[in-house]
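We name chains A, B, ... by the order of the sequence lines, and we start the count at 1 in each one. Keep in mind that what you see is a predicted model, and the values were worked out from it rather than measured. Scope of the values below: all heavy atoms of this structure, side chains included, with no hydrogens, waters or symmetry mates.
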Amino acid sequence: MIKAVRGTRDLLPPDTALWNFVEATARDVFRAYNFQEIRTPIFEVTELFARGVGEETDIVAKEMYTWEDRGRAESDRGQSLTLRPEATAGIVRAYIEHKLGDRGLNKLYCIGPMFRRERPQKGRYRQFYQIDAEIIGPPSAGSESPARDAEVLEMLATLLDRLGITNWNLQLNSVGTPTDRVQFNEALRAALQPVVGQMCADCQRRAVTNPLRVFDCKVPEDQSVIETLPRITQFLGEDSRKHFEAVQAILAKVGVPFSLNDRLVRGLDYYTRTAFEFTHGALGAQNAILGGGRYDGLSDALGGPAAPGIGFAIGEDRLVMSLQEKTPAESVLRKPDVYVAPMAGMNGDAARLARELRRHELVVELGDDAFRLKKSFEAATKVGAKYILIVGENEVKADAFALKNLATGEQVSIVRANLAAWLRSNRG
RNA sequence: GUGGGAAUAGCUCAACUGGCAGAGCACCGGACUGUGGCUCCGGCGGUUGCGGGUUCGAUUCCCGUUUCCCACCCCA
């Protein structure tokens, strides 16, 4: 049997109803903040991610689905292409390519699949889905303003609340400018050198490869050492510090709770200043349901104009997973309003009635005149229809149809002209 | 990529130390040819993930492999 490949999965009904609920809610919330949708290709030239995400990141170094294009045109052949591992690089590429900065500030969102070749785990798949949004534009449009950081964070809080996820936790940090980070990295390495010997094996390795990650260590014995290490916040330049304070002040004013986490570091090279993460319990080790931050230098790094930006990516797989506990898919599934059950030879009349009802925006399940009435009732019950409409010779002759409430057993006869209106007012 | 656990009917799971592969739910049919749910009766359903080995005999023990789960790395 051919099966879905490792790390990919089918999203089946009724779960897809929950996914649609999440996406519809996101679109609705984004609209209130005047975000508009952008759809970029699912693959790009490899160089985009190498430059945009960072050569040294794990994503680029070992997790990308990359292949060599083949084609007739010289320009196609041998070109290295990659399935997008994240959305921001592609969006910024589109921003540069179409000179979107000329329109002023861009508020864009993008919903779709991403690909990373990682070992699958709970809440982690090789094809996974992200809901991504970005505010990007020329500095003159205010793209650098802390007001935009706070707006994005407040929007996320609103979205999570709307989805019924109440026990989220916003972790906030500033990772400064690249210049700030160079100094911080030096200080961190210097501080680690005398003490790293007492730390766990993982930390000893991190101290060499990626000192920032030492802050992620969960080994209890290492915590006292980690407490003594310098923090990025101590190395923020005047501008970064003021920017960070301004973000916090606005959040306090609008009433979005957050906790400062000066150990929060982000994996992607392009992040500057504000970095954040929303976490949620009961997701195992994958407790971050969304993360994001500011990337003021990304456009420049890709050869574009100065275009500061801030954005986030929601891990939709994880979001849906954390939603499932409280909101079963069935609860957002629209069940049929009515099951139209044709008696023998009545398929045509039934189809005509169903057509009429569907035109009135009723959800109609249409049966088959080969079914005995008993079987139609069973089928109607199984699909969860609220009413069953019996289409038999008697009904057609009288132009009035038997309509039975499957839950209460109550049965009425309604003339054809009133059927749609009656059902619409009684569908509940 | 590394470490550990698991895999038996569509789903959830049994099967003693190696001895005839089972149950509940679901599905189909009947009791009931224009009225479902409840009940009763019957039926369908399996290369025990896959490949090899040990054995008279393997769901069971061993090796390999694939996938999933848990964790690491990293991240959404």
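Contact check, A:R6 against B:C69: no side-chain N or O comes under 4.0 Å of OP1 or OP2. Residue A:R9 places no side-chain N or O under 4.0 Å from the OP1 or OP2 atom of B:U67. Between A:K122 and the phosphate of B:A71, there is no side-chain N or O to OP1/OP2 separation shorter than 4.0 Å. A close approach under 4.0 Å does not occur between any side-chain nitrogen or oxygen of A:K386 and OP1 or OP2 of B:G36.
Residues A:D180 and A:T177 bring a donor and an acceptor atom of their side chains to less than 3.5 Å of each other.
Rounded to the nearest Å, the gap between the C1' atom of B:G24 and that of B:A14 is 11 Å. Spacing between B:C41 and B:U35 at atom P, rounded to whole Å, works out to 24 Å. Comparing the same atom, C1', in B:U48 and in B:A23 gives a spacing of 16 Å after rounding to whole Å. The gap from the P atom of B:C11 to that of B:G42 amounts to 26 Å, rounded to the nearest Å. Between the C1' atoms of B:G18 and B:C70, the separation comes to 31 Å (whole Å). Separation of the P atoms belonging to B:C20 and B:A58 is 12 Å when rounded to the nearest angstrom. Comparing the same atom, C1', in B:G22 and in B:C44 gives a spacing of 16 Å after rounding to whole Å. Nucleotides B:G57 and B:C40 have their P atoms positioned 44 Å apart, rounded to a whole Å.
Side-chain proximity of A:F128 to the nucleotides B:C68, B:A76, B:G34 is greatest for B:A76. Here B:A76 is the nucleotide among B:A31, B:G34, B:A76 with the atom lying nearest to any side-chain atom of A:Y271. Among the nucleotides B:A76, B:G34, B:C68, the one closest to any side-chain atom of A:R318 is B:A76. The listed nucleotides are B:A76, B:C68, B:C28; the one nearest the side chain of A:K382 is B:C28. The side chain of A:Q121 approaches B:A71 more closely than any other nucleotide in the set B:C32, B:G34, B:A71. In the set B:G34, B:U2, B:C74, B:C74 carries the atom at the smallest distance from any side-chain atom of A:E63. Relative to the side chain of A:K374, the nucleotides B:A76, B:G37, B:G34 differ in distance, and B:G37 lies closest.
One finds the CD1 atom of A:I111 at 6.5 Å from the CZ atom of A:F30 (value rounded to the nearest 0.5 Å).
A:R162 and A:D28 are joined by a salt bridge, as a carboxylate oxygen and a charged side-chain nitrogen come within less than 4.0 angstrom of each other. Between A:R359 and A:E356 no salt bridge is recorded (no basic side-chain N to carboxylate O distance below 4.0 Å).
Heavy atoms of A:G292 sit nowhere under 4.0 angstrom from any nucleic acid atom. Here A:I314 lies out of heavy-atom contact (under 4.0 Å) with every strand.
A:L83 places its CG atom 17 Å from the C1' atom of B:A76, with the value rounded to the nearest Å. A:Y339 has its OH atom 15 Å from the P atom of B:G34, to the nearest Å. Rounded to a whole Å, the NZ atom of A:K375 is 14 Å from the P atom of B:A31. In this structure, A:D369 places its CG atom 17 Å from P of B:U35, rounding to the nearest Å. Atom pair A:M321:CE and B:C70:P shows a separation of 8 Å (rounding to whole Å applied). Distance A:R124 CZ to B:A76 P: 10 Å, rounded to the nearest Å. A:M343 has its CE atom 8 Å from the P atom of B:U35, to the nearest Å.
Once the 5.5 Å centre distance and the 30° plane angle are applied, the aromatic ring of A:F377 is found not to be stacked with the base of B:G37.
Position along RNA chain B of the nearest nucleotide to A:G315 versus A:R117 favours A:R117 as the more 5'-ward residue. Each of A:K62 and A:E316 lies near RNA chain B, and the nucleotide nearest A:K62 is the one positioned closer to the 5' end.
Heavy atoms from other residues, nucleotides or ligands lying under 6.0 Å from CZ of A:R352 number 12 at most.
Ring to ring, A:Y109 and A:F35 are not that close: their centroids are 6.0 angstrom or more apart. Remark: aromatic rings of A:Y387 and A:W422 are close, center separation under 6.0 Å.
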